[in-house]
Amino acid sequence: APLVPVRPFFFTNENETTMLAGFASGGKALVGRCVGPRVARRFLNLHEYQSAEIMKSKGVNVPLGVAVTSVAEAVAAAESIGDEEVVVKSQILAGGRGLGTFTSGFKGGVHVVPTSKTEEVAGKMLGGTLVTKQTGPAGKPVNTLLVAKKMQLVKEMYLAILLDRAFGGPVVVACREGGTSIEDLAEEKPELIVKVPIDVMSGMTDANAAEIVAALGVTTNLEDAKKQIAALYAVFKECDCTMVEVNPLALDDKGYLLAADAKIGFDDNAAFRQKDVFQRRDTSQEDPRDVAAEAWDLNYIGLDGEIGCLVNGAGLAMATMDIVQMKGGSPANFLDVGGSASEQQVAEAFKIITSDPSVKAILVNIFGGIMKCDVIAAGIVAAVTQIGLKIPLVVRLEGTNVEIGKDILQKSGLNITAAEDLEDAAEKAVAAIA
């Protein structure tokens with residue numbers, strides 16, 4: 001069967017292994033297929049101001065800044081800093097903010113402005129939607145700004161600590177140039193990208209830190225620079241991070257390293273021991289479908305097609321997507337309800353699928369084992385009744401309690417197209433939107 005085309009994986013703070021692969025391939029974005037089930041939410045990411053708070057607590061030098069959510073707060077923060085100029089930064093969970101554009105047409109998600117102009121600029125940024133290379137065309141909402149002290153920086157660099165699947169542990173990615181899109185740098189000047197693997201048992205050694213400092217091109221206050229690298233690694237290790245990205249990592253006018261901008265990603269599996277970190281999560285920056293899927297314990301990945309798929313089991317879900325593609329259609333999602341979904345979970349799965357405006361038909365493919373067909377059928381009826389489904393629905397049921405399930409669907413009086421097998425279901429779903 002042909003591979004199902006899915007969205008290209010771009011450099012994002014949610015996919016650190018892809019970032020490394022991108023560096024290795026000269027910064028080109030990669031295209032791949034989702035292989036196997038993944039939970040709806042990837043790794044937790046925090047805003048710059050939240051990351052700065054955590055890094056400061058571990059001894060990393062960060063600029064003075066105040067997070068604000070209103071224009072009045074922005075004005076007060078700028079005045080409290082007391083300088084002639086301040087830096088106003090959009091807080092979104094994506095990189096490339098400085099080169100981004102608001103959907104209103106206002107250019108730039110980061111501005112250095114006279115303190116007297118803070119109100120004007122903050123008013124154009126707060127409540128807007130910022131589009132960058134990493135957000136996709138939909139952009140991200142700007143609900144918070146960071147009003148920061150303008151630092152006298154003499155050199156800007158890039159540093160990230162992330163997990164490398166090939167090495168089997170953390171790797172530091174360093175570049176002596178930074179402050180702008182690392183994707184562009186990796187493509188235009190790949191020779192500047194230096195990767196330093198860190199032995200997870202030994203931790204950040206003095207030799208590791210010295211190699212990284214040299215790769216950054218730092219020549220002043222070397223001992224303090226090594227301490228800053230070690231402090232960043234402490235953040236990575238002690239906070240159960242999947243990634244610590246500092247762009248730019250800068251030298252101030254006194255020759256000391258400063259984490260001028262940073263983002264941190266965290267391992268969801270560590271939520272139980274990083275409660276203070278995980279309570280900072282900003283769901284406004286996430287796809288609402290992913291948030292809903294997580295809340296109902298559903299495995300969901302949105303794709304770009306027109307046929308929504310609701311299936312039990314990851315393997316069957318992928319086979320369903322493949323055969324839809326083979327029959328001339330395109331799957332709109334991967335959605336595995338699992339083997340013990342309740343009627344309510346099935347109903348919520350329908351709501352998630354139909355919240356995607358690109359979905360023109362839905363294909364339900366259930367092979368009842370642990371998951372009973374009558375439970376799925378009852379969930380389908382409840383969901384269609386609740387949301388008033390107006391698009392074609394094709395259902396294929398097989399396995400435990402299949403006759404009871406089919407009877408529930410037939411007696412519902414709803415406009416549901418029954419299918420005998422997977423091939424028949426895919427053909428009917430594709431034909432429904434032809």
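Here the structure is a predicted model, which is why all the values come from computation and not from measurement. Both backbone and side-chain heavy atoms feed into the values below; hydrogens, waters and symmetry mates do not.
Salt bridge status for R289 with D287: present, with a side-chain N to carboxylate O gap under 4.0 Å. A salt bridge is defined here as a Lys NZ or Arg NE, NH1 or NH2 lying under 4.0 Å from an Asp or Glu carboxylate O, and E177 with K189 meets this definition. For the pair E183 and K133, the salt-bridge criterion is not met [side-chain N within less than 4.0 Å of a carboxylate O]. Using a 4.0 Å cut-off between charged side-chain N and carboxylate O, E348 and K351 make a salt bridge. Salt-bridge formation is not detected for the pair R396/E420: no Lys NZ or Arg NE/NH1/NH2 atom is positioned less than 4.0 Å from an Asp or Glu carboxylate oxygen. For D240 and R273, the salt-bridge test passes: some basic side-chain N is under 4.0 Å from an acidic carboxylate O.
A donor-acceptor pair under 3.5 Å links the side-chain atoms of Q274 to the main chain of E238, judged by distance alone. Judged purely by atom type and a 3.5 angstrom limit, E48 has no side-chain atom pairing as donor or acceptor with the backbone of A262. Side-chain N or O atoms of K263 include none that pairs as donor or acceptor with a backbone N or O of N45 at under 3.5 Å. Between the N312 side chain and the F367 main chain, a donor and an acceptor come within less than 3.5 Å of each other. Formation of a donor-acceptor pair under 3.5 Å by the T320 side chain with backbone atoms of L316 is found in this model. Checking side-chain atoms of E306 against main-chain N and O of G329 turns up no donor-acceptor pair under 3.5 Å. Under a 3.5 Å cut-off, the side chain of D336 and the backbone N or O of G313 do form a donor-acceptor pair.
Considering only heavy atoms from C-beta on, P331 stays 4.5 Å or farther from I307 through its side chain. Counting only heavy atoms from C-beta outward, the side chains of V60 and Q228 approach each other to under 4.5 Å. Contact check for I54 versus F266: side-chain heavy atoms found under the 4.5 Å cut-off. At a threshold of 4.5 Å between non-hydrogen side-chain atoms, the residues V381 and L409 count as touching. Looking at D407 and D374, their side chains never come closer than 4.5 Å, going by heavy atoms from C-beta outward.
Ring orientation note: the planes of F102 and F106 are tilted relative to one another, at an angle of 30° to 60°.
A donor atom on one side chain and an acceptor atom on the other are not found under 3.5 Å apart for E294 and Y300. A donor-acceptor contact under 3.5 angstrom links the side chains of T69 and E73, judged on distance only. A donor and an acceptor atom, one from each side chain of D267 and T242, are nowhere located under 3.5 Å apart.
Of all non-hydrogen atoms in V200 and P170, the two that sit nearest each other are CB-CD, 4.2 Å.
Between atom CD1 of residue I92 and atom CG of residue D282 there is a gap of 11.0 Å, rounded to the nearest 0.5 Å.
When each of R97, Q91, M125, K140 is tested with L130 by the rule side chain to side chain contact (heavy atoms under 4.5 Å, CB included), just one qualifies, namely R97. Y158 pairs with exactly one of V173, I193, V246, L192 by the side chain to side chain contact (heavy atoms under 4.5 Å, CB included) rule, that one being V173.
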